[in-house]
Amino acid sequence: MKIVRGREGRPSEHRTETFTGEVWGDVVLADDGMTVNSVFFGPGARTQWHRHAVAQILHVQHGRGLLWSSDEGRGVVLEPGDVAHIPAGERHWHGGAPDSYLLHLAISVGPADWLEPVSDDDYQEAVDALA
């Protein structure tokens, strides 16, 4: 058993390397090939395209966001309480809606394979498709 006592004074991290826009994250837990991050996206901010070796689970805490899968060719609007399961190898991105921030817990099992940034055109296509 392992207990992690909050952030214990660790600062939030401004995430820039694999994200577009204003994104802040806190590592909640990193152990045994699993990471749990609390991630805050500003409006329109988003991850790059990526996939996970085993899986990823997103649990939306506050705000509204988008999740898009290129493998399925579709996406969804995410709202508080929603839980999304992204299976192994599925190429996807997620982030804030254009008019709302998004706060979610991201539980990632196995390493992530980070791909290219999501273009503004691809983001807008997702927004239009989900409107």
Side-chain angles (χ1 to χ4, degrees):
M1 177 184 329
K2 179 177 186 174
I3 306 297
V4 178
R5 301 275 182 206
R7 291 175 44 230
E8 296 183 348
R10 291 181 304 234
S12 294
E13 300 171 353
H14 187 217
R15 305 282 175 96
T16 58
E17 188 173 321
T18 53
F19 297 85
T20 297
E22 284 295 312
V23 179
W24 292 84
D26 292 310
V27 177
V28 176
L29 175 69
D31 199 16
D32 291 334
M34 176 182 64
T35 58
V36 180
N37 285 281
S38 177
V39 186
F40 178 88
F41 296 86
R46 56 206 179 258
T47 67
Q48 291 183 351
W49 287 102
H50 62 288
R51 57 177 64 100
H52 296 272
V54 179
Q56 185 176 48
I57 297 168
L58 306 176
H59 182 211
V60 179
Q61 307 293 299
H62 298 283
R64 196 165 39 85
L66 309 176
L67 168 60
W68 194 267
S69 167
S70 69
D71 290 350
E72 293 185 7
R74 66 180 187 91
V76 296
V77 173
L78 297 171
E79 296 185 329
D82 289 350
V83 177
H85 173 255
I86 299 101
E90 185 173 318
R91 186 174 177 266
H92 69 285
W93 62 264
H94 38 98
D99 59 351
S100 178
Y101 68 89
L102 171 68
L103 175 63
H104 69 43
L105 278 180
I107 303 161
S108 302
V109 185
D113 180 20
W114 290 100
L115 306 167
E116 72 276 8
V118 175
S119 70
D120 290 342
D121 288 343
D122 284 346
Y123 180 83
Q124 189 59 51
E125 282 182 32
V127 169
D128 293 344
L130 296 171

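It should be emphasised that the depicted structure is a prediction, and the values quoted were computed from it without experimental measurement.
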* side chain to side chain donor-acceptor pair (under 3.5 Å) assessment of Thr18 paired with Gln48 -> CA-CA 6 Å; Thr18 53; Gln48 291 183 351; 5.6 Å; no
* Show the numbers, then the answer: is there a side chain to side chain contact (heavy atoms under 4.5 Å, CB included) between Leu78 and Leu66? => CA-CA 6 Å; Leu78 297 171; Leu66 309 176; over 6 Å; no
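- Using a 4.5 Å heavy-atom threshold, the side chains of Val109 and His52 count as separate.
- Thr35 contributes atom OG1, which lies 8.5 Å from atom CG of Leu29 (distance to the nearest 0.5 angstrom).
- In this structure, His50 NE2 and Ser108 OG are separated by 6.5 Å, a value rounded to the nearest 0.5 Å.
- Cluster annotation: Val77 and Val127 are assigned to the same hydrophobic cluster (Ile/Leu/Val/Met/Phe/Trp/Tyr, side-chain heavy-atom contacts under 4.5 Å, transitive).
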* Yes or no on side chain to side chain contact (heavy atoms under 4.5 Å, CB included) for Leu105 and Gln61, after CA distance, side-chain angles and deciding distance? -> CA-CA 7 Å; Leu105 278 180; Gln61 307 293 299; 4.2 Å; yes
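- Scanning both residues, Gly96 and Leu102, for their nearest heavy atoms gives CA-CB, 3.9 Å.
- With hydrogens and angles ignored, the 3.5 Å screen pairs a side-chain donor or acceptor of Arg46 with a backbone N or O of Val118.
- A heavy-atom distance below 4.5 Å is not found between the side chains of Thr47 and His92.
- Heavy-atom minimum distance, Trp68 versus Ala129: CH2-CB, 3.9 Å.
- Shown here for Ala88 and Ala53, the closest heavy-atom pair between the two residues is CB-O, 3.3 Å.
- Residues His104 and Phe41 place their aromatic rings such that the two centres sit under 6.0 Å apart.
- Remark: the Gln124 side chain and the Asp120 side chain contain no N/O donor-acceptor pair separated by less than 3.5 Å.
- Between the CH2 atom of Trp49 and the CZ atom of Arg51 there is a distance of 10.5 Å, given to the nearest 0.5 Å.
- A salt bridge links Asp99 and Arg64; the closest N-O separation between the charged side-chain nitrogens and carboxylate oxygens is under 4.0 Å.
- If you take NE2 on His59 and OG on Ser38, they are separated by 11.5 Å, rounding to the nearest 0.5 Å.
- Under a hydrophobic-cluster definition in which Ile, Leu, Val, Met, Phe, Trp and Tyr are linked whenever side-chain heavy atoms come within less than 4.5 Å, directly or via other members, Leu130 and Trp93 are assigned to the same cluster.
- For the atom pair OH (Tyr123) and CG (Asp128), the distance works out to 10.5 Å, reported to the nearest 0.5 Å.
- Looking at Asp26 and Glu13, their side chains never come closer than 4.5 Å, going by heavy atoms from C-beta outward.
- Remark: the backbone N or O of Glu79 is paired with a side-chain donor or acceptor of Asp82 at under 3.5 angstrom.
- With contacts defined as side-chain heavy-atom distances shorter than 4.5 Å, the pair Val83/Ile57 qualifies.
- Cluster membership for Val39 and Trp114, using ILVMFWY side-chain heavy atoms within less than 4.5 angstrom, is shared.
- Side-chain contact check for Ser70 and Arg91: at least one donor-acceptor pair (N or O, by modelled atom type) lies under 3.5 Å.
- No hydrogens or angles considered: a donor-acceptor pair under 3.5 Å links the side chains of Glu22 and His14.
- For the atom pair OG (Ser69) and CD (Glu90), the distance works out to 3.5 Å, reported to the nearest 0.5 Å.
- Checking side-chain atoms of Ser12 against main-chain N and O of Trp24 turns up no donor-acceptor pair under 3.5 Å.
- Closest approach of Gly63 to Pro80, counting heavy atoms only: O-CD, 3.1 Å.
- Judged by distance alone, the side chains of Gln56 and His85 never bring a donor and an acceptor atom under 3.5 Å apart.
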